[in-house]
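Letters A, B, ... are given to chains in the order of the sequence lines, protein chains preceding strands, and every chain is numbered from 1. Since the model is a prediction, treat every value here as computed from it, not as a measurement.
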2 protein chains.
Amino acid sequence: MKGSRVPATIRDVARESGVHISTVSRTFSAPHLVNPETRSRVLACAEHLGYRPNRAARALITGRTHNIGLIVADIANPFFPPLIKAAESQARQRDYHIFVTDTNEDASVEEGLVRALAKQVDGVLLCSPRMSNSLIEQLSREVPLVVVNRQLTGLPTVVMDVAQGARLAIDHLSRLGHRQIALVAGPRGSWTSREIRRSALSAARANDADLAVIGPNQPTEDGGMAVAEQIVRAGVSAVLAYNDLMAIGLIEGLSTLGLSVPEDISVVGIDDIALSRLTRPKLTTVATPTAAAGRAAVDMLLAHGDDRRTTAQITLQTELVIRDSTGPGPGPHSHADPGGVVATAPGEVASYAKE
Amino acid sequence: MKGSRVPATIRDVARESGVHISTVSRTFSAPHLVNPETRSRVLACAEHLGYRPNRAARALITGRTHNIGLIVADIANPFFPPLIKAAESQARQRDYHIFVTDTNEDASVEEGLVRALAKQVDGVLLCSPRMSNSLIEQLSREVPLVVVNRQLTGLPTVVMDVAQGARLAIDHLSRLGHRQIALVAGPRGSWTSREIRRSALSAARANDADLAVIGPNQPTEDGGMAVAEQIVRAGVSAVLAYNDLMAIGLIEGLSTLGLSVPEDISVVGIDDIALSRLTRPKLTTVATPTAAAGRAAVDMLLAHGDDRRTTAQITLQTELVIRDSTGPGPGPHSHADPGGVVATAPGEVASYAKE
DNA sequence: TCGCGGAGTGCAAACGTTTGCAGGAAACTA
DNA sequence: TAGTTTCCTGCAAACGTTTGCACTCCGCGA
């Protein structure tokens, strides 16, 4: 019944349906082992008593908590909620629950969080880790891990093909006539940021364009706004930002400096968060399949729970979404006046920190 | 040791430190009962073996899982992440963990989620519920509940003083000379939306202004964008939106229709999400203390865990943040030309659904 | 008729803790 | 010195499940 103060146990159900508790247990965890007739009687009694198996007791004996830990860099970054949502619903379908935890973009708290989670979950989804590869590998020996947004041999991973995305973005800008391009890098420790950088540099070379790398930076609006001045001094006509949030912040920062997008400078973001369709100008960006990543990560963790040592690596495709924040540059196929652009000042360009 | 394949149990620690398991147990759960010398020896062994108490076993006997459920309407709504973050960190400080779950703004899934969570958490934080009061009360008999963003007698609640916020917003608009104002309501079932409506209506009356209520609506950018046309037809010179997301969507929608903010129409949002400082124009809005709400909710749940029947009600203050999306209206203290404003068309104005 | 196998069920031992109770030693009181 | 208290520790019974094993039936083939 609904309002029963003390929850019914397996014993109550057994008594009421006249069978042994083990039969009740099997009715739920191995239905094929019990006589259909008995089973339906047990189910009726269970329903009637409002019985729900006690997960703690079950966890104690099976060793599986049916919980999954999900660690993200910053839950307030709109990149993550769709991923979390997808993971959550995928997990719920398989009778799992998800603990979401947030590291505040601080690499040093990641390790502690994984360890704290380790004992009370069946596995951890590590999204956009900032810690070192070796530490991740070490932690993976203490708890099953699926790493999202980082390529790592020997561990199950799911990554977005941001290299492809960055290439598409640079190609797009080149085609528009931009030859002096800046890359606003992401946070230190981000694999994604390294990938973007690597791919953007090679794409720029292929297109005969100069690419100035600026960063590392905080991957937030404020982080984007903060580099506006550097961008102007770098004298570029186009920018690829580590993510949409930074791109949006940058556009705002540029406007404060009296520059408008895309007339004076073109800006491309990455992620295609919902917001990028709503800013003015609407953001040209690289769409990443975040929800798919969330689902895939859960699936990998749960599949991999049985046999172990199956370390699949999934790469999800990205695509360029052209909106209003990119326009013709000063290069060929466009009039030659670079506008407010001054000479490139390589001294201003911070080198990207390795690892 | 780090890499031990099978996790150490209380028994291992007991053996290694030469005491009974009950002493080890007490070392962790009631340190004051054990001799300091013994305690430190036990702690050393525990540390050395990498021992961590098994939460399932503990939960089994104490009946407390040390987990808290947190149900929000939509994790992708930037209003919630700061609340979640604050709740999460507050909970972690007290050695609790939080399950975040998302209802997709669908009132009908809320009940199921609470029930599913009920057996595996010590309590549920119900944020911005869309279900009926009576259902909430019924559920509160099955699991300790703290309700956020809804006033409800007999249950512990934490709400923001949005009534005050709405009043401030309407006063602000009136002072700017606006006499024809629209309120873009939130989703059906939202207590907050009802409060805003009630308070805005009374504030408008006090200021001799007309308030047209439009809604209910989806509390998203799209929801805001969708009402742009209605707003124009309503012929108002100012709008108060249920939240910042809608306000931003609305501004975008108005711009599509050729109207600009605040020149043609003033817009005020509610929540002061991070984003509202970054849109153009920067959004005038009512700041709500979301992080404080998250912390308070956790505290109430945990305090209330001991004695029960302590049903405190907390109201957090709000304040008006004036930025760039509001400007002078056609009323007194301003030039008389109403601009593109046409006559109010009451027929266009949907009445706000009760409950 | 006997033996065999399979289906369904019961039995009881786990799983890793917490906690009321009791006992022993040391410290204090009279 | 004896009695009393305090402090610490051990003992063992829970908590609600799962699961390997054994048992009973029953039907079937030889």
Within the side chain of [X], is there an N or O that forms a donor-acceptor pair under 3.5 Å with the backbone of [Y]?
| X | Y | result |
| --- | --- | --- |
| Arg150(A) | Pro129(A) | yes |
| Asn104(A) | Asp106(A) | no |
| Gln120(B) | Ala116(B) | yes |
| Thr27(B) | Thr23(B) | yes |

dT18(D), dG16(D), dT9(D): which one has an atom nearest the side-chain heavy atoms of Asn35(B)?
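Taking heavy atoms from C-beta onward, the closest nucleotide is dT9(D).
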As a test of reading the structure: which of dG10(D), dT17(D), dT18(C) is closest to the side chain of Ile10(B), going by heavy atoms?
dT18(C)
Round to a whole Å and report the spacing from [atom1] of [X] to [atom2] of [N].
| X | N | atom1 | atom2 | result |
| --- | --- | --- | --- | --- |
| Arg64(A) | dC15(C) | CZ | P | 18 Å |
| Phe28(B) | dG16(C) | CZ | P | 16 Å |
| His32(B) | dT6(D) | NE2 | P | 15 Å |
| Arg52(A) | dC15(D) | CZ | C1' | 20 Å |
| Arg11(A) | dC11(C) | CZ | C1' | 13 Å |
| Arg58(B) | dC15(D) | CZ | P | 19 Å |
| Leu33(A) | dC23(D) | CG | P | 19 Å |
| Leu60(A) | dT17(C) | CG | P | 9 Å |

Nucleotides 19-22 of chain D: which of its N/O atoms have a protein N/O under 3.5 Å away?
none

When the C1' atoms of the five terminal pairs at each end define the local axes, what inter-axis angle does the helix from dT1(C)-dA30(D) to dA30(C)-dT1(D) show, to 10 degrees?
40°
Is Thr38(A) near enough to dT9(C) that one of its side-chain N or O atoms lies under 4.0 angstrom from OP1 or OP2?
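So the side chain of Thr38(A) is within the cut-off, an N or O lying under 4.0 Å from OP1 or OP2 of dT9(C).
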With the threshold set at 4.0 Å, does a side-chain nitrogen-carboxylate oxygen contact exist between Glu110(A) and Arg130(A)?
no
Does the pair Glu88(A)/Arg92(A) count as a salt bridge with the N-to-O cut at 4.0 Å?
yes
Just call it for Tyr51(A): base, sugar-phosphate, or nothing, with non-hydrogen atoms closer than 4.0 Å on any strand.
sugar-phosphate
Sugar-phosphate, base or nothing in reach of Arg55(B), heavy atoms under 4.0 Å
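Nothing, no nucleic acid heavy atom in range.
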Hey, which sits more toward the 5' end of DNA chain D by its nearest nucleotide, Gly18(B) or Ala57(B)?
Gly18(B)
Over 60° means perpendicular and under 30° means parallel, so tell me whether Phe99(B) and Phe99(A) are parallel, tilted or perpendicular.
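Geometry flag for Phe99(A) against Phe99(B): parallel rings.
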Is Asp299(B) close to Gln90(B) at the side-chain level, that is, under 4.5 Å between some pair of heavy atoms?
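Side chain of Gln90(B) against side chain of Asp299(B), heavy atoms only: contact under 4.5 Å found.
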Output every pair passing salt bridge (Lys or Arg N to Asp or Glu O under 4.0 Å) with a member in residues 26-42 of chain B, not counting sequence neighbours, ordered by first then second residue.
none
